[in-house]
Each structure stands twice: as C-alpha cells, then as structure tokens.
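The structure appears right after this line, and notes come after that.
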Number of protein chains: 2
Amino acid sequence: MVYIGIMETTSSTPMSGRKAQAARNDQVILQAAREVFVADPGAPISAVAERAGVGISALYRRYAGKEILLRKLCSDGLKLYIAEAEAALADDGDPWTVFARFMRRIVEADTHSLTLSLAGTFTPDEDLHRESAHAERLALEVFERARDAGILRPGLEVADLSMIFEQLASVRLGDEERTAQMRHRYLALVLDSLRLTSAGPLPGPPPTAEEIGRRWSTA
Amino acid sequence: MVYIGIMETTSSTPMSGRKAQAARNDQVILQAAREVFVADPGAPISAVAERAGVGISALYRRYAGKEILLRKLCSDGLKLYIAEAEAALADDGDPWTVFARFMRRIVEADTHSLTLSLAGTFTPDEDLHRESAHAERLALEVFERARDAGILRPGLEVADLSMIFEQLASVRLGDEERTAQMRHRYLALVLDSLRLTSAGPLPGPPPTAEEIGRRWSTA
DNA sequence: CCAGAACGGAACATTATGTTCCATGGTTTA
DNA sequence: TAAACCATGGAACATAATGTTCCGTTCTGG
C-alpha cells in the first residue's frame, strides 16, 4: 500500500498536522487493541495494527512491545473501575440503586474481559499492583456500604462480585451491542438474587482475595 | 526414557497383556485430553501425551490428528449432556428438585468448558451436529417440563440455560475441587433467581438457538 | 522363537508471531 | 523554498511453538 496521509474533514481537534494525527492514532490504537484482545487474548500484534488501520511501526513507536501494551490496557481498565467505584461512593442516593448502578456500569465498561483473559499472560507492573490494590480497596467500600445498608443477601463477600463480573464477561454473543444486551440480561438475573436478603447463605467458602490474585502470577 | 512395561498389580481387567494396557491407555488418554484442553484449549498435543504419561505415538495411533481428538471430546461431552437430560426426563419427582438437580449435574459434568472454549477451533462433524441437535431437543423438553410446572421465572428460555452453563464454566479457581465448589456457589445464586416465579421478565430478547450455534462455524 | 502390535520420543516441516529496519513522504522551521 | 525532522507503512528477519511422521525398541501371542 502506498503511504497516504489521512485527510480528516471532521475535527474537534485541529484536523491536520502530524501531531494531531499522531494524537488521534494514540486513541485509535488503544481502542483497536482493546477490541482485538478482548475478542482474542492471544491475538497477534499485527491484528491490532490492522484493526487500527495503521502500520506496525505506529504501534512500536508507542509501546516497546506487546507486554507494555497489555499492561497499558489493564491499567486503563483498572482506572475505569476505580472511577466507577469512586462515583458510587460519592452517590448517597438509595443504597440499592447505587449498588445496582455500580454493577451495571462495570459490566458496561467491560473491564473484566481483559482482566480475566489476560491474567497470567504477562508479568504485572509495580504500578499495576498499586492500582489493583486501590481498586480492591474501593470495591470493598462500595460493597460494605451496601451490606451495611442491609440490602444484600447474607453470606456475600466482595470477592463474589469479582467472580460475578468475570462470569458476565464470559458472555459473548454476536456483535458488541448484542453482547451488551445479553450481559444486562444475566446481570438482572444475578442482581435479583443478590437482593434476596432473606435467602439462605451460599454454599462453600467464598473466594479469597488471595485466590483471585494468584492467577496473575506468570504461569 | 527407556521403554518400560507398566506392571499393574491392581486389576478389575486382566492386569497384563498388551491389549489390556492399550485399553487402559484409551481411557487414560481421553481423561488427560479432557483435563488438558479444559485448562487450556490451545494446549499442544504433546501436553496431552505428557499428562497421560504416554508417548505421542500412542495418541496418533488412536486419533489421526488433533481435530479428531477434539471432536471425540466434544462428542463425549454431548453424550454426557444427553444422558443427564434423559435422566431428568425419566425422573417424575418434584419438578423443581428434578430441574435443579439437572442443572447441578451438568455443572458438575463440566460439559460446557470444552464446548465453550473449543467452539470455532475445529470444523464440527456430521455426527456432532446430530448429537448436538439431539441434546438441544432433550434440553428443551427438560426446560418445558419445568416451565409447565410453573416453577420458573417468567420470560426464561431454554437458550438461557446454555448461557448460564457457559458462565458457570468460566469460573475457574485453583484446583478442580475448589473450582467445583465455586461453581456450586454461583449456581445456587442463579438458581434462586430462576426460581423467582413472581419476578418481572428479564431485559432484552433471549439468545436464539441460531446465535448460540453460529459460534461453531470455523472462524 | 518369531511376527506383529504398541510404544517412546527424536526429528522434521511448517506456521505463527514478536521485533527490527529502512525508504517514503508529510510537516515545519529558518 | 529548502532542508531537517519525524511518524509511518510494511517487508524482512529471527525465533519459538507445534502438528505430524518415522524408526528403533519392547512386549505378547502363538
């Protein structure tokens, strides 16, 4: 293919200029990477470039290697998770509404698709560990607030939420929109169950934070 | 490693004889294959041989190639599913008990780990299609019997069961036993929700058989 | 004791994929 | 306008992974 500068006509940011294009590529590449790796965690890096409509070198100029890119994606996911948790904590409306919305937002953000499928495929960063710990802390707060409000089924633990998010992330049917639809369907199902304050406790010991975290050690 | 005949001392089947050992290997290999591919659908065939404690040629003597082996595993899974469905249909005890047990058995049999993770990685057989259709038919009967008994939440469809099985199959934590424990935990959660006969309908159109089946077309 | 079945595992062929490299051609500044 | 600069595209390369074949070895049955 011949090298052709992309002539943008739409623009909130200045349309041309090499820097503008580069900045746009920053976004395009990350978006493509997310889509590609969510669909197939083992996808080759060239697939990301194709999806983004750029050459491979555009990728390597930004990220020194595949692992760096994966770390970046995970980090972004955690940041998103943290933001949603903080939003939930800042909201002092009806406890159940706040809790349910938090769950819905996380499912929509699809943070756990990467988290789950990428676990063990690369060595976590120091920053990643910090962010992960932070996310855990906030999630615990969100959970405890709901529990203390007495709106949750007895026996539930924070770690259960992680497992539920991962299960919902495993739902993948057709295009992105259809997938989102299906996930909402099963989230609704689970939420009704989480709400059963008079139900008996769940069988088996809940997952521990250690069990959940261990999967990140490079196999 | 030097070739050393395995001297079995325990035996329900005659302990020695090349044929006896071969028959035993038939089982060992299938078992190993199931374990390996459930843990990692993309695992190399050599990993199966190692796990089984046999050489590669023992594998190739039985299955002409990887795909044949995968087909065999899927077929076995479907047979298991069919057997459980038939057992449920033959049981005319309390409808909810029968239904819940069916769900539990399928989760325990872990049929959907393979089904899910292998979808699209090989071209389905003619026999596979037949068995799959049969399984679907029986599952529908099991489902309808439960629904007609009025014990299911309104709006549910058979296809929802498949999706739920797949979600539960995505739960994987530590060793096999711990994983089974966790799956029971979340199955219990979901079952409570499926039982909510007075709950509102679930959001979004349910998955169609076509949507679920399409994932088998070799990508 | 021999023919043949079953096996172990090295060797091979092929593919997949991460990474490097360089010519190309916009962009910008002097 | 001209030259330096820099992001880019994509071919080329190195390598690792893995499905499959092949051959010498070992054991059983007759």
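Because only heavy atoms are used, hydrogens play no part in the values below, and waters and symmetry mates are left out as well, while side chains stay in. No experiment lies behind these values; they were computed from the predicted model shown. Just so we're on the same page: letters track the sequence lines, and every chain starts at 1.
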Looking at A/E141 and A/R137, is there a salt bridge between them, counting it only when a charged N and a carboxylate O are closer than 4.0 Å?
no

Considering only heavy side-chain atoms of B/P44, the closest of D/dT18, D/dG9, C/dT17 is D/dT18

To the nearest angstrom, the CG-P distance between A/L70 and C/dT17 comes to 14 Å

To the nearest angstrom, the OH-C1' distance between A/Y60 and D/dA11 comes to 15 Å

Rounded to whole Å, the CD1-P distance (A/I45 to D/dG9) equals 15 Å

Contacts of A/I56 and A/R61 projected onto DNA chain D by closest heavy atom; the upstream (5') one is A/R61

Separation of C/dT17 atom C1' from A/K66 atom NZ, nearest Å, is 8 Å

Side-chain contact check for A/N25: nearest option of C/dT19, D/dT8, D/dG9 is D/dT8

### Query
Between the side chains of A/Q31 and A/E35, does any donor sit under 3.5 Å from an acceptor?
yes

Listing, residues 64-79 of chain A side-chain donor-acceptor contacts under 3.5 Å, not counting sequence neighbours, or none:
unit_1: A/K66; atom_1: NZ; unit_2: A/A43; atom_2: O; d: 3.0
unit_1: A/E67; atom_1: OE1; unit_2: A/R71; atom_2: NH1; d: 3.3
unit_1: A/E67; atom_1: OE1; unit_2: A/T123; atom_2: OG1; d: 3.1
unit_1: A/R71; atom_1: NH1; unit_2: A/T123; atom_2: O; d: 2.7
unit_1: A/K72; atom_1: NZ; unit_2: A/D76; atom_2: OD1; d: 3.4
unit_1: A/S75; atom_1: OG; unit_2: A/K79; atom_2: NZ; d: 2.9
unit_1: A/S75; atom_1: OG; unit_2: A/E131; atom_2: OE1; d: 2.8
unit_1: A/S75; atom_1: OG; unit_2: A/E131; atom_2: OE2; d: 3.2
unit_1: A/K79; atom_1: NZ; unit_2: A/E131; atom_2: OE2; d: 2.5

Separation of D/dT18 atom P from B/L59 atom CG, nearest Å, is 15 Å

In whole angstroms, the gap separating C1' of D/dT20 from OH of B/Y63 amounts to 17 Å

Whole-Å distance, B/E50 CD to C/dG8 P, equals 12 Å

To the nearest angstrom, the CZ-P distance between A/R24 and C/dG26 comes to 16 Å

B/L168 and B/Y186 have their tightest heavy-atom pair at CD2-CB, 3.7 Å

Comparing A/E67 with B/R62, nearest DNA chain C nucleotide closer to 5' gives the residue B/R62

